[in-house]
Amino acid sequence: MLNFKKRVWVVKQKEKGILTDKEIADAQNVSRMTINNLWRNYKQNGLRVLEEKPLGRKVDKIPSRIKQAILEKRKQGFGIRKIEGLLALDGVNISHNKIHRILRGEGLVKPEPKKALRKKYVRWERHHSNSLWQTDFCWQEKLQCWIIAYLDDHSRFVVGIQYTKLATTEIAINLFNESARRYGLPRETLSDRGTQFKEKFFDYLKSKGVNHIYASIKKPTTCGKLERFWRTHNDERWNFNSLSEFVSHYNFERRHMSLNYCTPYEVFTRDLKV
């Protein structure tokens with residue numbers, strides 16, 4: 001391949017007329033056709049054909065309104081692929097690579113080493129709302145209290161949640177009853193093997209016609225949707241004045257990639273089995 005210096009040398013030799021095309025081509029280890037094409041382009045277009053061409057594709061200029069929308073969604077805590085999906089809902093089609101370029105230019109993404117390919121996993125979920133509720137207690141360091149929630153496995157809809165000083169079976173049962181009164185009884189519930197969910201809890205749910213399932217030992221992904229909700233709570237709860245405001249936003253406004261950018265409430269009501 002001829003770089004700028006070599007192209008200049010070829011043109012000078014052609015202008016001198018001492019060397020033949022074959023001798024010039026052999027000297028640069030290219031074909032005579034390459035020499036002829038370069039000379040013809042030079043005669044037609046002048047010195048600009050000798051300049052180095054920029055490598056890679058031409059960078060598209062992104063409109064300022066789209067750039068602003070990307071930055072606003074990033075400030076709300078959304079990842080690159082979620083920003084891509086939310087913009088698509090508004091009729092703006094822009095690749096995640098371009099979104100990454102914008103965020104990188106604003107210093108809103110951290111440079112990371114090349115990651116290894118993640119193993120494929122099978123997404124597991126129930127086909128209908130109220131088929132299964134996941135539940136657990138989680139210690140909240142910032143508030144120095146426990147939080148308990150019931151989350152619908154199919155829709156990610158939070159049917160019940162509260163902060164509490166104690167993590168007891170009675171609190172788990174009371175919140176279950178309140179949630180069931182509002183949204184109906186689930187067919188099954190799922191928890192880890194914590195003491196709050198042992199015999200008394202199991203027998204109470206059985207008396208209500210609800211089957212309780214225990215998560216597999218040393219397999220945190222069994223309750224993965226609730227674990228993911230804890231992370232969302234810890235990241236986003238502080239943008240709201242209260243827990244109820246946060247949960248209302250999460251259930252009725254926040255769009256989820258895993259739900260094809262629907263809200264949990266939309267999926268919960270759509271897929272209730274009558």
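Predicted, not measured: the structure shown is a model, and the values here were computed from it.
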Exercise. Hey, could you give me the OG/NZ distance between Ser155 and Lys225, rounded to the nearest 0.5 Å?
Key: 10.5 Å
Quiz item: Is there side-chain contact between Asn251 and Arg156, with at least one heavy-atom pair below 4.5 Å?
Solution: no
Quiz prompt | Pair Asp21 + Lys14, salt bridge at N-O below 4.0 Å | solution = yes
Quiz item: What distance separates His249 NE2 from Asn239 CG, expressed to the nearest 0.5 Å?
Solution: 8.0 Å
Quiz item: Within a radius of less than 6.0 Å around CZ of Arg231, do more than 12 heavy atoms belonging to other residues, nucleotides or ligands occur?
Solution: no
Quiz prompt | Heavy-atom pair with the smallest gap, counting every atom of Asp152 and Ser131 | solution = OD1-N, 4.3 Å
Practice problem: Assess whether atom CD of Glu199 is packed by more than 12 heavy atoms of other residues, nucleotides or ligands within 6.0 Å. | Solution: no
Quiz item: Mind checking whether His233 and Gln140 have side chains closer than 4.5 Å, heavy atoms only?
Solution: yes
Self-check item: Expected output: side-chain Asp90 to main-chain Val92 donor-acceptor under 3.5 Å
Solution: no
Practice problem: List the steps and the verdict of side chain to side chain contact (heavy atoms under 4.5 Å, CB included) for Gln162 and Ile148. | Solution: CA-CA 6 Å; Gln162 74 175 75; Ile148 178 177; 3.6 Å; yes
Quiz prompt | Test item: Asn130 side-chain N/O and Tyr183 main-chain N/O as donor-acceptor pair under 3.5 Å | solution = yes
Quiz item: If every non-hydrogen atom of Ile83 is compared with every non-hydrogen atom of Ile99, which pair is closest and at what distance?
Solution: CG2-CD1, 4.0 Å
Quiz item: If only atom types and distance count, is the side chain of Arg7 paired as donor or acceptor with the main-chain N or O of Leu38 below 3.5 Å?
Solution: no
Quiz item: Out of curiosity, Leu103 CG to Leu71 CG, how far, rounded to the nearest 0.5 Å?
Solution: 6.5 Å
Practice problem: Could you state whether Ile18 and Ile35 fall into the same hydrophobic cluster, counting links through intermediate Ile, Leu, Val, Met, Phe, Trp or Tyr residues with side-chain heavy atoms under 4.5 angstrom apart? | Solution: no
Quiz item: Under 3.5 Å, side chain of Glu245 to main-chain N/O of Asn241, donor-acceptor pair present?
Solution: yes
Practice problem: If the plane angle is over 60° it's perpendicular, under 30° parallel, otherwise tilted; pick one for Trp146 and Trp139. | Solution: perpendicular
Quiz prompt | Donor-acceptor side-chain pairing of Tyr42 and Asn37 below 3.5 angstrom | solution = no
Quiz item: For Ala69, does its backbone N or O pair with a side-chain atom of Glu72 as donor and acceptor, under 3.5 Å?
Solution: no
Self-check item: Heavy-atom check, side chain of Lys98 versus side chain of Ile62, under 4.5 Å
Solution: yes
Quiz item: Looking at side-chain heavy atoms only, is the closest gap between Leu205 and Asn211 below 4.5 Å?
Solution: no
Quiz item: Under 4.0 Å between a Lys/Arg side-chain N and an Asp/Glu carboxylate O for Lys22 and Asp26?
Solution: yes
Quiz item: In this structure, are over 12 heavy atoms from other groups packed under 6.0 Å from Arg182 atom CZ?
Solution: no
Quiz item: Given side chains that start at C-beta, do those of Asp153 and Trp133 come closer than 4.5 Å, heavy atoms only?
Solution: no
Practice problem: Search all heavy atoms of Ala172 against all heavy atoms of Phe197 and return the closest pair with its distance. | Solution: CB-CE2, 4.0 Å
Quiz item: Could you give the distance from CD (Glu84) to NZ (Lys73), rounded to the nearest 0.5 Å?
Solution: 13.0 Å
Quiz item: Which atoms form the tightest heavy-atom contact between Gln28 and Lys6, and what is the distance?
Solution: OE1-CD, 3.2 Å
Quiz item: Would the number of heavy atoms belonging to other residues, nucleotides or ligands and lying under 6.0 Å from CZ of Arg81 be above 12?
Solution: no
Quiz item: With a cut-off of 6.0 Å (strictly less than), are more than 12 heavy atoms of other residues, nucleotides or ligands near CG of Asn260?
Solution: no
Quiz prompt | Main-chain N/O of Val30 paired to Thr34 side chain as donor or acceptor, under 3.5 Å | solution = no
Exercise. Considering only Ile, Leu, Val, Met, Phe, Trp and Tyr, and joining two whenever side-chain heavy atoms are under 4.5 Å apart, list the other residues clustered with Ile147.
Key: Leu143, Leu151, Val158, Ile161, Tyr163, Leu226, Phe229, Trp230, Trp238, Phe240, Leu243, Phe246, Val247, Tyr250
Quiz item: Is there a side chain to side chain contact (heavy atoms under 4.5 Å, CB included) between His128 and Arg187 once you walk through the steps?
Solution: CA-CA 10 Å; His128 298 284; Arg187 187 159 57 88; over 6 Å; no
Quiz item: Going through the checks in order, is the side chain to side chain contact (heavy atoms under 4.5 Å, CB included) test met by Gln13 and Trp9?
Solution: CA-CA 6 Å; Gln13 298 309 313; Trp9 183 86; 3.3 Å; yes
Quiz item: If we only count heavy atoms from C-beta on, is the Lys82 to Tyr261 side-chain gap below 4.5 Å?
Solution: yes
Quiz item: Is atom OH of Tyr265 surrounded by more than 12 heavy atoms (other residues, nucleotides or ligands) closer than 6.0 Å?
Solution: no
Practice problem: Output yes when a side-chain donor or acceptor of Lys16 lies under 3.5 Å from a complementary backbone atom of Val11, and no otherwise. | Solution: no
Quiz item: How about Thr232 and Asp235: does a side-chain donor come under 3.5 Å of a side-chain acceptor?
Solution: no
Practice problem: Step by step, work out the side-chain hydrogen bond (donor to acceptor under 3.5 Å, both in side chains) result for Asp136 and Tyr150. | Solution: CA-CA 7 Å; Asp136 198 5; Tyr150 286 91; over 6 Å; no
Quiz item: Looking at OG1 of Thr263 and CZ of Phe157, how far apart are the two atoms once the value is rounded to the nearest 0.5 Å?
Solution: 9.0 Å
Exercise. Could you tell me if the ring centre of Phe201 sits under 6.0 Å from that of His212?
Key: yes
Quiz item: Between Phe268 and Pro264, is any pair of side-chain heavy atoms under 4.5 Å apart?
Solution: no
Practice problem: Spell out, as yes or no, whether a donor-acceptor pair under 3.5 Å connects the side chain of Ser179 to the backbone of Leu175. | Solution: yes
Self-check item: Minimum-distance pair of heavy atoms, taken over all atoms of Phe137 and Leu166
Solution: CE2-O, 4.1 Å
Quiz prompt | Closest approach of Val267 to Ser129 (non-hydrogen atoms, all atoms of both residues) | solution = O-OG, 3.5 Å
Quiz prompt | Worked verdict on Gln76 versus Glu236 for side chain to side chain contact (heavy atoms under 4.5 Å, CB included) | solution = CA-CA 8 Å; Gln76 295 172 27; Glu236 302 179 19; over 6 Å; no
Quiz item: Got a salt bridge between Arg74 and Glu106, using NZ or NE/NH1/NH2 to carboxylate O under 4.0 Å?
Solution: no
Quiz item: Under 3.5 Å, is there a donor-acceptor pair between the side chain of Gln144 and the main chain of Glu141?
Solution: yes
Quiz item: Can the positive tip of Lys198 be found less than 6.0 Å from the middle of the six-membered ring of Tyr214, inside 45° of the ring normal?
Solution: yes
Quiz item: Is there side-chain contact between Arg40 and Lys43, with heavy atoms separated by less than 4.5 Å?
Solution: no
Self-check item: Donor-acceptor under 3.5 Å (Gln196 side chain, Thr168 main chain)
Solution: no
Quiz item: How long is the span from the CZ atom in Arg181 to the CD atom in Glu178, to the nearest 0.5 Å?
Solution: 6.0 Å
